[in-house]
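Comments concern the structure below.
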Amino acid sequence: MTPGGGPMKECGYSEINTRGTSPMESPHKKKKTVAKRKWEVFPGRNKFYCNGRIMMARQTGVFYLTLILILVTSGLFFAFDCPYLAVKITPAIPVIGGILVFFVMGTLLRTSFSDPGVLPRATPDEAADLERQIDVANGSTSGGYRPPPRTKEVVINGQTVKLKYCFTCKIFRPPRASHCSLCDNCVERFDHHCPWVGNCVGKRNYRFFYMFILSLSFLTVFIFAFVITHVILRSQQSGFLNALKDSPASVLEAVVCFFSVWSIVGLSGFHTYLISSNQTTNEDIKGSWSSKRGKENYNPYSYGNIFMNCCAALCGPMNPSLIDRRGIVQADMAQSVTPSNGLTMYGSTQSQSNMVQETPVILDQN
């Protein structure tokens, strides 16, 4: 009741929201821009894992088959053959086998997970500057678009080498570089694209690829030889058929090793020849330095002897990666263009009328 005797009215309280009422704040807030790593907008057809630390080709099915064949065959050997061989011959057999398997897996993963030597694509400004330089060199002053020439010529150790222009990466490829059609990247000292390792083989991972196939050759021969030894020792005790029944896994191992050893050992021999002559698979297939092209045609990259060529390929310094996969691109300062293959382009555009240069910020790689 009120002092005047009238009924008391109920007072309604409404909650006052103080957020967003400040005159200093705009009613339309700007959305936060999330900076992307460069590997997230990388233009090539690659897969990245562990925040860009692992780089592979997009087609990795055959790589997993390689892993299964190596791990299953080795596992069967250690489970069914090594216990018998360690007792009957020497316990060093499983130790040597373990070292070979460890080395094979280490070199395989190092080959598969690393940057093979991808060359960064030209930025729009760099591509435009290159075209201006070509125009000046050719005396062209017209403002219309003119495709750049396909090749340049340089002299290396007295041999004329052609540098081809890559219209995808918009660069003149360095000597021995080539564009991989599967990964859509220019790779320095390109050897070949290997589906068995799930990556290109180039300047930065060739030595690991060679050590992988060489150690795999030793492992295959090692397992095959001791599986046969196991079967022979058992057959002397209980007969050949009973030996096969007692160890059926040995039969499977022998079959896998028999059909794979020829190609693996042959591949190792072929790459040993390439290393000794300082050639790549790409150059050998094309016959780049074949004497059939002329008496004056020779390999300008060879050091003249096998020892120096092997040292250059296997013991030389490891070159750093030229692509900063884990650097970031400011999203509010970059413009992305989606090409025909559905990938996001970084560092180049399809139309030079809408060019906005991206500003990379380098982060700590560790």
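Just the heavy atoms: all of them, side chains too, but no hydrogens, waters or symmetry mates, feed the values below.
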- prompt: Side chains of Phe63 and Leu108: closer than 4.5 Å at any heavy-atom pair?
  reply: yes
task: Would you kindly confirm whether Val255 and Leu65 end up in one hydrophobic cluster when ILVMFWY residues are joined by side chain heavy atoms under 4.5 Å apart?
output: no
- request: Answer whether the closest heavy-atom distance between the side chains of Val118 and Phe42 falls below 4.5 Å.
  value: yes
query: For Glu296, does the CD atom have more than 12 heavy-atom neighbours from other residues, nucleotides or ligands under 6.0 Å away?
result: no
task: Could you list all the ring pair (Phe, Tyr, Trp, His ring centres under 6.0 Å) pairs where at least one residue sits in residues 179-198, not counting sequence neighbours?
output: His192-Phe209, His192-His271
task: Say whether, by atom type as modelled, one donor and one acceptor occur between the side chain of Asp129 and the main chain of Asp125 under 3.5 angstrom.
output: no
message: Could you check whether Arg121 pairs with Asp184 (Lys NZ or Arg NE/NH1/NH2 to Asp/Glu carboxylate O, under 4.0 Å)?
response: yes
- prompt: Going by heavy atoms in the side chains, are Ser114 and Arg110 under 4.5 Å from each other?
  reply: yes
- prompt: Mind checking whether Phe222 and Phe77 have parallel, tilted or perpendicular rings, split at 30° and 60°?
  reply: perpendicular
- prompt: With a 6.0 Å cut-off on ring centres, are Tyr165 and Phe167 close enough?
  reply: yes
field: Residue pairs, two or more places apart or on separate chains, that pass salt bridge (Lys or Arg N to Asp or Glu O under 4.0 Å) and touch residues 268-286
entry: Arg176-Glu283
query: More than 12 foreign heavy atoms under 6.0 Å from CD1 of Ile306: is that the case here?
result: no
- prompt: Shortest non-hydrogen contact from Arg204 to Ser321?
  reply: NE-N, 3.6 Å
query: Within 45 degrees of the axis of the six-membered ring of Tyr206 and under 6.0 Å from its centre: does Arg189 put its NZ or CZ there?
result: yes
- request: Spell out, yes or no, whether Val261 and Val101 are grouped together once hydrophobic residues are joined by side-chain heavy atoms under 4.5 Å, including indirect joins.
  value: no
Working for side-chain contact (heavy atoms from CB on, under 4.5 Å), residues Lys38 and Arg326: CA-CA 6 Å; Lys38 288 184 180 179; Arg326 302 194 64 242; over 6 Å; no
message: Main chain of Ala86, side chain of Thr90: is a donor-acceptor contact present, judged purely on distance under 3.5 Å?
response: no
query: Just wondering, are more than 12 heavy atoms of other shown residues or ligands nearer than 6.0 Å to CZ in Phe80?
result: no
- prompt: Taking it one step at a time, do Thr281 and Phe270 satisfy side-chain contact (heavy atoms from CB on, under 4.5 Å)?
  reply: CA-CA 9 Å; Thr281 301; Phe270 173 66; 3.9 Å; yes
task: Treat each ILVMFWY residue as a node, draw an edge where side-chain heavy atoms are under 4.5 Å apart, and state whether Tyr298 and Val155 are in one component.
output: no
- request: State yes or no: do Ile96 and Tyr84 share one hydrophobic cluster built from I, L, V, M, F, W and Y residues joined by side-chain heavy-atom distances below 4.5 Å, directly or via other members?
  value: yes
query: Would you say Asn309's side chain and Ser302's backbone share a donor-acceptor pair under 3.5 angstrom?
result: no
message: Looking at Ser74 and Leu71, would you say the former's side chain and the latter's main chain have a donor-acceptor pair under 3.5 Å?
response: no
- prompt: For residues Asn278 and Asn299, is any side-chain donor paired with an opposing acceptor at under 3.5 Å?
  reply: no
query: Any luck finding a side-chain donor-acceptor pair between Thr272 and Tyr210 under 3.5 Å?
result: yes
- prompt: Got a second to check how far Lys203's NZ is from Asp115's CG, nearest 0.5 Å?
  reply: 11.5 Å
message: Any heavy-atom pair between the side chains of Leu119 and Leu322 that's under 4.5 Å?
response: yes
Within-4.5 Å side-chain heavy-atom neighbours: Gln279 and Tyr273: yes
- prompt: Do you know the tightest heavy-atom contact between Ile264 and Ile213?
  reply: CG2-O, 3.8 Å
- line: For Val187 and Gly202 the tightest heavy-atom approach is CG1-CA, 4.0 Å
field: pair Tyr64-Leu67: side-chain heavy atoms closer than 4.5 Å
entry: yes
query: Under 4.5 Å between any side-chain heavy atoms of Leu76 and Glu253, yes or no?
result: yes
task: Could you tell me whether a side-chain N or O of Arg37 sits under 3.5 Å from a main-chain N or O of Ile328, the two making a donor and an acceptor?
output: no
message: Taking the ring of Phe208 and the ring of Phe212, is the distance between their centroids below 6.0 Å?
response: no
query: Taking Asn185 for the side chain and Cys183 for the main chain, is one N or O donor matched with an acceptor at less than 3.5 Å?
result: yes
statement: Taken to the nearest 0.5 Å, the spacing of Cys82 SG from Phe226 CZ works out to 9.0 Å
- prompt: Do we see a donor-acceptor contact under 3.5 Å between the side chains of Asn297 and Gln159?
  reply: yes
query: Is there a side-chain contact (heavy atoms from CB on, under 4.5 Å) between Asn282 and Asp191 once you walk through the steps?
result: CA-CA 5 Å; Asn282 191 42; Asp191 191 86; over 6 Å; no
- request: Could you grab the distance from atom CE of Met105 to atom OG1 of Thr66, nearest 0.5 Å is fine?
  value: 10.0 Å
message: Would you say NZ of Lys164 has more than 12 non-hydrogen atoms from neighbouring residues, nucleotides or ligands within 6.0 angstrom?
response: no
- request: Check whether any side-chain N or O of Ser112 sits under 3.5 Å from a backbone N or O of Val197 as a donor-acceptor pair, and report yes or no.
  value: yes
task: Answer yes or no: does atom CZ of Phe218 have more than 12 heavy-atom neighbours from other residues, nucleotides or ligands under 6.0 Å?
output: no
- prompt: Between Val161 and Ile156, what is the shortest heavy-atom contact and its length?
  reply: CG2-CD1, 4.1 Å
- prompt: Is there a side-chain contact between Leu214 and Thr107 (heavy atoms, below 4.5 Å)?
  reply: no
field: Closest non-hydrogen atom pair between Phe78 and Gly97, with its separation
entry: CZ-C, 3.4 Å
task: Give the minimum heavy-atom separation between Pro91 and Val95, together with the two atoms involved.
output: O-CG2, 3.6 Å
Show me the donor-acceptor pairs within less than 3.5 Å that the side chains of residues 228-236 make with the rest of the protein, sequence neighbours left out.
{"residue": "Thr229", "atom": "OG1", "partner": "Ala225", "partner atom": "O", "Å": "2.8"}
{"residue": "His230", "atom": "ND1", "partner": "Asp81", "partner atom": "OD1", "Å": "2.4"}
{"residue": "His230", "atom": "ND1", "partner": "Ser250", "partner atom": "OG", "Å": "3.4"}
{"residue": "His230", "atom": "NE2", "partner": "Arg234", "partner atom": "NE", "Å": "2.7"}
{"residue": "Ser235", "atom": "OG", "partner": "Val231", "partner atom": "O", "Å": "3.1"}
{"residue": "Ser235", "atom": "OG", "partner": "Ile232", "partner atom": "O", "Å": "2.7"}

- request: Using atom types as modelled and distance alone, determine if a side-chain donor or acceptor of Asn46 lies under 3.5 Å from a backbone N or O of Trp39.
  value: no
message: What verdict does the side-chain contact (heavy atoms from CB on, under 4.5 Å) test give for Met56 and Tyr49, after you've listed the backbone C-alpha separation in whole Å, the side-chain angles of each residue and the deciding distance to 0.1 Å?
response: CA-CA 9 Å; Met56 297 184 70; Tyr49 305 95; 4.2 Å; yes
